[in-house]
Amino acid sequence: MHSTTLRVAAVQAEPVPGDVATNAKAGARLVAQAGGEGARVAVLPELFLPAYHPPALAADPDGTAVHADADRRVVGDARLDPLRDAARDHGVVIVVGASVRHADERLTCSSLVVDRTGAVVVGYDKQQLWGPDENSLFVPGDHGASITIDGWQFGLGICYDGCFPEHGRAAALDGADGYLIPSGYVQGSAHRRDVYYAARALDNTMYVVFANNVGGKAPWSFNGGAAIYEPEGRALVRAPDSGEHVVVANLDRDELVRIRADHSMLADRISDLGTRCYLEINETSTDSD
């Protein structure tokens with residue numbers, strides 16, 4: 001099914017460190033709220049299921065992880081049943097951050113995708129790990145990923161991925177209409193948080209759905225600001241920097257086409273900029289008697 005508009009939700013919330021079952025229940029409640037406002041897609045924050053709390057993750061890496069089979073499916077984990085039920089009951093595709101233990105024993109910071117039948121798959125593994133904590137806990141993903149929902153194609157990224165222009169650009173060149181970004185921005189980073197994802201929207205003339213954690217104790221205290229950006233980089237909706245919120249907006253196919261016609265950076269992009277030319281300018285002096 002191809003839809004002219006698609007209603008999406010970006011969530012900010014404060015999960016409980018190390019408690020996947022409780023956080024899945026909270027996520028289901030937030031998805032139900034999004035579905036009640038007409039959303040067909042809901043994006044929850046980075047590592048929402050175990051919470052973005054490196055000490056808790058390091059203390060119990062297997063217990064805080066979701067286990068996936070060789071086909072990247074997640075089956076038999078009753079902790080995720082509330083999310084499965086919410087996806088089915090409200091007709092919402094869910095993208096939610098998780099720690100994932102793969103069949104080959106790799107541990108990744110990932111996005112799970114829960115479809116409208118309640119099936120759960122590992123949609124994407126974060127490629128750009130941030131800082132010593134993430135790098136000590138996880139291995140990076142080795143490929144990008146896209147998902148098609150009701151005829152809309154979305155690139156998947158997680159937080160620090162979106163700080164690299166080439167990550168969003170790769171999704172756009174692959175045909176993405178939008179970019180789904182579960183994130184975990186800490187207090188003090190609001191300026192960068194707001195610039196990065198507006199820039200990825202404008203750079204690539206695509207929608208960006210940015211979810212973020214909020215609350216928590218320093219140094220793992222997060223700053224909210226969940227937002228949905230239109231393809232010129234303006235926020236259609238934005239949550240405050242504190243408190244639990246679900247923000248919802250319509251993505252419009254006609255508007256996407258119009259903006260891409262007016263701002264044709266993707267079509268005009270030169271893929272090969274050629275050999276670089278280097279100029280050398282030296283200071284000259286003259287001696288006078």
Side-chain angles (χ1 to χ4, degrees), residues 9-36 39 41-126 133-134 137-139 141 145 147 156 158-159 180 182-184 211-216 220 222 244 246:
V11 174
Q12 67 183 46
E14 181 180 352
V16 179
D19 194 339
V20 174
T22 293
N23 296 333
K25 291 176 183 176
R29 173 178 55 80
L30 294 161
V31 169
Q33 180 179 338
V41 181
V43 182
L44 280 74
E46 179 180 18
L47 289 172
F48 181 78
L49 287 175
Y52 195 119
H53 191 269
L57 295 169
D60 187 9
D62 281 326
T64 54
V66 169
H67 291 248
D69 67 17
D71 295 318
R72 299 176 65 88
R73 298 174 302 181
V74 179
V75 295
D77 189 332
R79 298 175 300 175
L80 304 186
D81 286 349
L83 289 172
R84 295 186 178 98
D85 292 342
R88 283 191 296 258
D89 294 346
H90 301 282
V92 177
V93 176
I94 304 168
V95 177
V96 57
S99 175
V100 173
R101 179 70 75 185
H102 293 264
D104 61 6
E105 298 301 321
R106 291 176 304 125
L107 189 68
T108 59
C109 175
S110 302
S111 287
L112 303 183
V113 177
V114 187
D115 72 18
R116 294 174 186 139
T117 71
V120 183
V121 297
V122 183
Y124 172 70
D125 305 322
K126 187 176 185 179
D133 290 300
E134 287 187 21
L137 287 164
F138 304 114
V139 297
I147 182 173
L156 299 178
I158 300 174
C159 199
L180 307 182
S183 295
N212 197 20
N213 289 294
V214 73
W220 311 112
F222 299 90
E244 180 181 283
V246 176

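In this chain, numbering begins with 1 at the start of the sequence shown. Just so you know, these numbers use all the heavy atoms, side chains as well, and skip hydrogens, waters and symmetry mates.
Using a 4.5 Å heavy-atom threshold, the side chains of P182 and L44 count as separate. Counting heavy atoms from C-beta outward, I147 and L156 have side chains that approach closer than 4.5 Å. Side-chain contact between V66 and S99 is absent, with no heavy atoms from C-beta onward closer than 4.5 Å.
In this structure, the salt bridge (Lys or Arg N to Asp or Glu O under 4.0 Å) partners of D81, at least two apart in sequence or on a different chain, are R84. Under the side chain to side chain donor-acceptor pair (under 3.5 Å) criterion, N212 pairs with N223, not counting sequence neighbours. By the side-chain contact (heavy atoms from CB on, under 4.5 Å) test, V100 is found to be paired with A68, A98, H102, T108, S110, L112, V122, residues two or more places apart in sequence or in another chain being considered. By the side-chain contact (heavy atoms from CB on, under 4.5 Å) test, D115 pairs with T117, A119, sequence neighbours left out. For A87, the side-chain contact (heavy atoms from CB on, under 4.5 Å) partners two or more places apart in sequence, or in a different chain, are I94, V114. Take Y52 and apply the side chain to side chain donor-acceptor pair (under 3.5 Å) test, not counting sequence neighbours, and it matches E134. Remark: A21 pairs with D19, R79 by the side-chain contact (heavy atoms from CB on, under 4.5 Å) rule, at least two apart or across chains. By the salt bridge (Lys or Arg N to Asp or Glu O under 4.0 Å) test, D60 is found to be paired with no residue, residues two or more places apart in sequence or in another chain being considered. The side chain to side chain donor-acceptor pair (under 3.5 Å) check on D62 picks up R101, with sequence neighbours excluded. Scanning for salt bridge (Lys or Arg N to Asp or Glu O under 4.0 Å) contacts around E14 gives an empty result, with sequence neighbours left out.
In this structure, the separation between CH2 on W220 and CG on D133 is 4.0 Å, given to the nearest 0.5 Å. To the nearest 0.5 Å, the span separating CD on E105 from CG on L107 amounts to 9.5 Å. Distance check, rounded to the nearest 0.5 Å: OG1 of T64 to CG of L57 gives 4.5 Å. Rounding to the nearest 0.5 Å gives a distance of 5.0 Å between SG of C109 and CZ of F138.
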Acceptor/donor pairs from residues 24-31 side chains to any protein atom, 3.5 angstrom cut, sequence neighbours excluded:
from	atom 1	to	atom 2	distance (Å)
R29	NH1	E244	OE2	2.8
R29	NH2	E244	OE1	3.1

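Screening residues 47-57 for salt bridge (Lys or Arg N to Asp or Glu O under 4.0 Å) gives no qualifying pairs among residues at least two apart or on separate chains.
Side-chain atoms of N23 come within 3.5 Å of backbone atoms of L49 as a donor-acceptor pair (strictly under, hydrogens ignored). The closest donor-acceptor contact from the side chain of E46 to the backbone of G184 lies under 3.5 Å. Remark: the backbone N or O of F222 is not paired with any side-chain donor or acceptor of N213 at under 3.5 angstrom. Looking at R116, its side chain does come within 3.5 Å of a backbone N or O of G91 through a donor-acceptor pair.
The shortest heavy-atom contact between A9 and V246 is CB-CG1, 4.0 Å. Annotation for P82 and A78: closest pair CD-O, 4.1 Å, computed over non-hydrogen atoms. Residues P45 and A211 approach most closely at N-CB, 3.9 Å, considering heavy atoms.
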